[in-house]
Amino acid sequence: MTGNKVTKYDLVESVYQDTNCEKKLVQEVVEKLLDELKDALKDGNTIELRGFGTFEPRLRKGRSKARNPKTGEQLTVAPHYVAAFRSGQELKKALWDLPVKSEK
């Protein structure tokens, strides 16, 4: 279960199978939801989804001595925003009960 990737297509397919809605409508709703989340973050807003988590834009400091790992070239990175996520209590509790695979 852990380590598998769930794509946007997988989400659309799952919602489509669990509802009586047309697949095209489900796809449009998922796309619109993601666009709204992105636009809210771009506007500097925090998005709170109770029970799931909170998305917020977070400022990362710029650095003058960053290095491109591929070429080794030294460069400067300007301060910029990144999307940050904090999980909500219900999500934390759900993940807490996941079985832990032992590493070999």
Side-chain angles (χ1 to χ4, degrees):
M1 179 143 102
T2 60
N4 295 332
K5 186 185 296 186
V6 176
T7 64
K8 187 175 5 177
Y9 175 82
D10 297 329
L11 294 174
V12 169
E13 193 66 29
S14 179
V15 172
Y16 166 68
Q17 290 181 5
D18 290 347
T19 63
N20 293 327
C21 296
E22 295 179 24
K23 190 172 190 176
K24 185 164 179 68
L25 177 61
V26 172
Q27 186 173 2
E28 289 173 4
V29 169
V30 169
E31 289 287 343
K32 183 64 176 165
L33 173 65
L34 295 175
D35 286 343
E36 289 295 322
L37 293 173
K38 181 171 54 173
D39 290 344
L41 288 171
K42 282 172 48 178
D43 291 341
N45 296 319
T46 297
I47 302 162
E48 183 179 315
L49 303 172
R50 299 265 175 175
F52 185 73
T54 303
F55 295 91
E56 63 185 359
R58 199 172 285 163
L59 182 63
R60 293 206 50 192
K61 293 190 280 185
R63 296 180 295 162
S64 59
K65 294 184 180 180
R67 187 180 65 82
N68 181 339
K70 197 171 194 178
T71 64
E73 175 188 6
Q74 190 168 353
L75 42 104
T76 301
V77 176
H80 59 280
Y81 283 92
V82 295
F85 176 75
R86 286 190 322 254
S87 58
Q89 286 294 74
E90 290 177 32
L91 180 58
K92 285 180 186 177
K93 288 178 184 177
L95 294 177
W96 186 265
D97 295 332
L98 276 177
V100 177
K101 294 181 182 178
S102 61
E103 294 183 31
K104 294 180 181 179

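When a residue number appears, it is its place in the shown sequence, counting from 1.
T46 contributes atom OG1, which lies 9.5 Å from atom CZ of R58 (distance to the nearest 0.5 angstrom). Between the CG atom in L25 and the CD atom in E28 there is a gap of 6.0 Å [rounded to 0.5 Å]. Note that CD of Q27 is 15.0 Å distant from NZ of K32, once rounded to the nearest 0.5 Å. Atom NZ of residue K61 and atom CZ of residue R63 lie 10.5 Å apart, to the nearest 0.5 angstrom. Rounding to the nearest 0.5 Å places CG of L37 at 6.5 Å from CG of L49.
Side chain of D10 to main chain of T7: a donor-acceptor pair is present (N/O by atom type, distance under 3.5 Å, no hydrogens or angles).
Enclosure of atom CG in D97 by more than 12 non-hydrogen atoms of other residues, nucleotides or ligands within 6.0 angstrom is indicated. Other residues, nucleotides and ligands contribute more than 12 heavy atoms inside 6.0 Å of the CD atom of Q74. The number of heavy-atom neighbours closer than 6.0 Å to NZ of K23, taken from other residues, nucleotides and ligands shown, is above 12.
Residues F55 and L95 share a single hydrophobic cluster, defined by chaining ILVMFWY side chains whose heavy atoms lie under 4.5 Å apart. Under the 4.5 Å side-chain contact rule for hydrophobic residues, V30 and L33 share a cluster. In terms of hydrophobic clustering, with Ile, Leu, Val, Met, Phe, Trp and Tyr side chains grouped at heavy-atom distances under 4.5 Å, F52 and V15 are assigned to a common cluster.
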Cut-off 3.5 Å, no hydrogens considered: what does the side-chain donor-acceptor table look like for residues 75-94, sequence neighbours left out?
residue: H80; atom: ND1; partner: A78; partner atom: O; Å: 2.9
residue: R86; atom: NH1; partner: E56; partner atom: OE1; Å: 3.4
residue: R86; atom: NH1; partner: E56; partner atom: OE2; Å: 3.0

